Amino acid sequence: MNIIDDIKKAICKVQPGINEAKIVPGASLKEDLEIDSLGRVELTLALEDTFNFYLQDEELEGIVTVSDIIALVESKLKVRNNA
Amino acid sequence: MPSRVVVTGYGAITPLGLSVDETWSNLIAGINGIGPITNFDASGFNVKIAGEAKNFDPVKYMDPVTAKYSDRFTQFAVSASLQALQLAKITINEENKYDFGIIIGSGVGGLGTLEKQVEVLNARGPAKVSPYIVPMRIADNASGQTSIKTQIKGFNMSMVSSCSTGTDAIGLAYQLIKYGEYKGMLVGGADAAITRIGVAGFTQAGALTRNADTMKDSRPFDAKRDGFVIGEGAGVLFLEALEHAAARGIPILAEIAGYGATSDAYHITHPSENGDSGTKAIQLALRSINPEDVQYINAHGTSTPLNDLSETRVIKRVFGQKAYNIPVSSIKSMLGHMLGAAGAVEAIVCCKVVQEGILPPTINYEFPDTECDLDYVPNKAREKNVGTAISNSFGFGGHNSVLTIKKFTNS
């Protein structure tokens, strides 16, 4: 499973028509990808469905960029795999 | 001094076309816009037919993200609004953005969105519900998105008066422009209730025809009518103060010359038996018009036993013997009942009638009802020069709303 590709798919799902080339690790969700506060919740739901985990509100607090999402997903999957 | 209020633009998404011109040419050809329900699987439903806005693609009018997070009724409203502004050739800029307003109503709002998210709630729990449920569901999302898209920054409000919604939106805007509050307003209605819960609800209320085996069962004023066929879409008009339109040198399509609205105060779904309030609504719409001048009535004409009889009686009370000489037609025979959009589309059709001198027919008219005995323009369009028309809308909740629409003349 390629985590980055799956994250890209989730972003494309909540922002249809987005230029995929803009979805790079350094991209800001708000400024670069135009994901507003409601869109963040949609993205959370999409990530939960994609990776089959739950995200708590506090886990999302520091999320600003795509790389933050990648780190969060990797850490959630690591915890699960070690469990 | 009150302003005269004129129509300089309109747009529509209907079961007979994705523009006013396409809809109008199909209406006067007597084309039936009713077909099998495809918006959802209706195999378990008694009612299997509807007037769907076929081949509608919201992305022609908005970006994919806005389309995704807009209910279908909002997509219809924004699309019709942009058509109306394009025809009116109005440009919104820093200087005029507060001169204009928006009133776009909806009878039921984002029913499809609500239905889908209730399913998510029940199946997967509250933490899986979309955050867009509230903005997509609320009836004023249509006017809100239209404001964002057009950058009109004056009055921005929805109107909810059931099946009178579109007519009341136009009526309220007419008054706001007439008395100088705004120079122009984008007004109308939109609905997209051909959803599982929408069709189930209207069926259980006894409002829809159960004769689901034929596409001919929107048959207003016919003796065998037994309920309406649900439709969907939007109608939006750009109304302007005459002096503002004249200064722009824009072609004027028609004049709004009166509006009357009353309440039955009787029953939540049935029209009042005596028709007093319906009669009064027409009289109010004609307060500055000689009733003798009315040459066409665009009926509410839903094809329900109660509405069509009650409306016929009301027309006779207002016009007396002369009622027999006024053609009355119901385009719901071809479009189905577009709920909150109906009155707006019907007002647009009245604008076309006074411009073109053609009356759209009431199709599927086969069996005369002895109590509904007016001239319903059966089955075929008719040429007739019309100077003054009225458009009736009546809604669940006892709303009676009537517009007077005139051919525009300088005098």
Side-chain angles (χ1 to χ4, degrees), chain A residues 5-24 27-66 68-69 72-73 75-77 79-80 83, chain B residues 55-79 82 109-110 112-149 151 156 158 192:
Chain A
D5 282 351
D6 285 344
I7 290 171
K8 269 191 182 180
K9 273 186 206 161
I11 292 171
C12 290
K13 188 179 163 199
V14 300
Q15 295 289 90
I18 192 171
N19 177 2
E20 283 191 48
K22 289 168 77 176
I23 310 173
V24 294
S28 150
L29 300 183
K30 190 175 176 186
E31 278 80 29
D32 299 322
L33 306 184
E34 298 179 30
I35 298 174
D36 63 11
S37 61
L38 298 179
R40 277 175 74 94
V41 182
E42 279 288 322
L43 180 58
T44 305
L45 295 173
L47 293 169
E48 288 180 344
D49 285 350
T50 301
F51 296 104
N52 198 26
F53 54 49
Y54 282 93
L55 291 167
Q56 304 300 324
D57 288 349
E58 54 271 22
E59 291 179 289
L60 297 163
E61 277 170 9
I63 301 294
V64 177
T65 63
V66 174
D68 292 338
I69 295 178
L72 174 65
V73 169
S75 105
K76 293 285 287 186
L77 294 179
V79 169
R80 188 168 71 194
Chain B
N55 304 316
F56 170 69
D57 178 9
V59 177
K60 286 188 176 167
Y61 295 94
M62 63 194 76
D63 64 80
V65 175
T66 304
K68 180 178 171 71
Y69 300 118
S70 296
D71 188 272
R72 191 166 162 88
F73 87 102
T74 295
Q75 297 172 352
F76 290 154
V78 170
S79 305
L82 294 178
T113 297
L114 179 65
E115 184 177 315
K116 197 170 160 190
Q117 292 303 317
V118 168
E119 284 172 9
V120 171
L121 173 67
N122 289 337
R124 305 183 63 200
K128 294 293 184 184
V129 168
S130 169
Y132 287 95
I133 170 64
V134 175
M136 287 173 70
R137 162 70 186 93
I138 52 181
D140 56 312
N141 190 244
S143 61
Q145 281 288 14
T146 301
S147 172
I148 293 167
K149 188 75 184 168
Q151 289 298 297
N156 171 12
S158 185

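Since the model is a prediction, treat every value here as computed from it, not as a measurement.
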- Task: Return the minimal non-hydrogen interatomic distance between A/Ala10 and A/Ala46, and the atom names on each side.
- Result: CB-CB, 4.1 Å
- Item | Leading residue by heavy atom contact count with chain B [cutoff under 4.5 Å; candidates A/Val14, A/Ile18, A/Leu45, A/Leu38] | A/Leu38
- Message: Just to verify, what does A/Val41 make a side-chain contact (heavy atoms from CB on, under 4.5 Å) with, not counting sequence neighbours?
- Response: B/Pro131
- Query: Considering residues, nucleotides and ligands other than B/Asn55, do more than 12 of their heavy atoms fall under 6.0 Å from its CG?
  - Reply: no
- Query: Non-hydrogen atoms of chain A under 4.5 Å away: do they reach the side chain of B/Val59, the backbone, both or neither?
  - Reply: neither
- side-chain contact (heavy atoms from CB on, under 4.5 Å) partner of A/Leu55, chosen from A/Leu60, A/Ile63, A/Leu43: A/Leu60
N/O donor-acceptor pairs between chain B and chain A, cut-off 3.5 Å:
unit_1   : atom_1 : unit_2  : atom_2 : d
B/Lys68  : NZ     : A/Lys13 : O      : 3.4
B/Tyr69  : OH     : A/Val14 : O      : 2.6
B/Arg124 : NH1    : A/Asp49 : OD2    : 3.4
B/Arg124 : NH2    : A/Asp49 : OD1    : 2.6
B/Lys128 : NZ     : A/Glu48 : OE1    : 2.6
B/Ser130 : OG     : A/Glu42 : OE2    : 2.3
B/Tyr132 : OH     : A/Asp36 : OD1    : 3.4
B/Tyr132 : OH     : A/Gly39 : N      : 3.2

- Message: Report which part of B/Ala127 has an atom under 4.5 Å of a heavy atom belonging to chain A: side chain, backbone, both, or neither.
- Response: backbone
- Query: Are A/Val66 and A/Leu29 close enough that some pair of their side-chain heavy atoms sits under 4.5 Å apart?
  - Reply: yes
- Query: Who are the side-chain hydrogen bond (donor to acceptor under 3.5 Å, both in side chains) partners of B/Gln151, not counting sequence neighbours?
  - Reply: none
- Query: By side-chain hydrogen bond (donor to acceptor under 3.5 Å, both in side chains), which residues pair with B/Asn156, not counting sequence neighbours?
  - Reply: B/Ser143
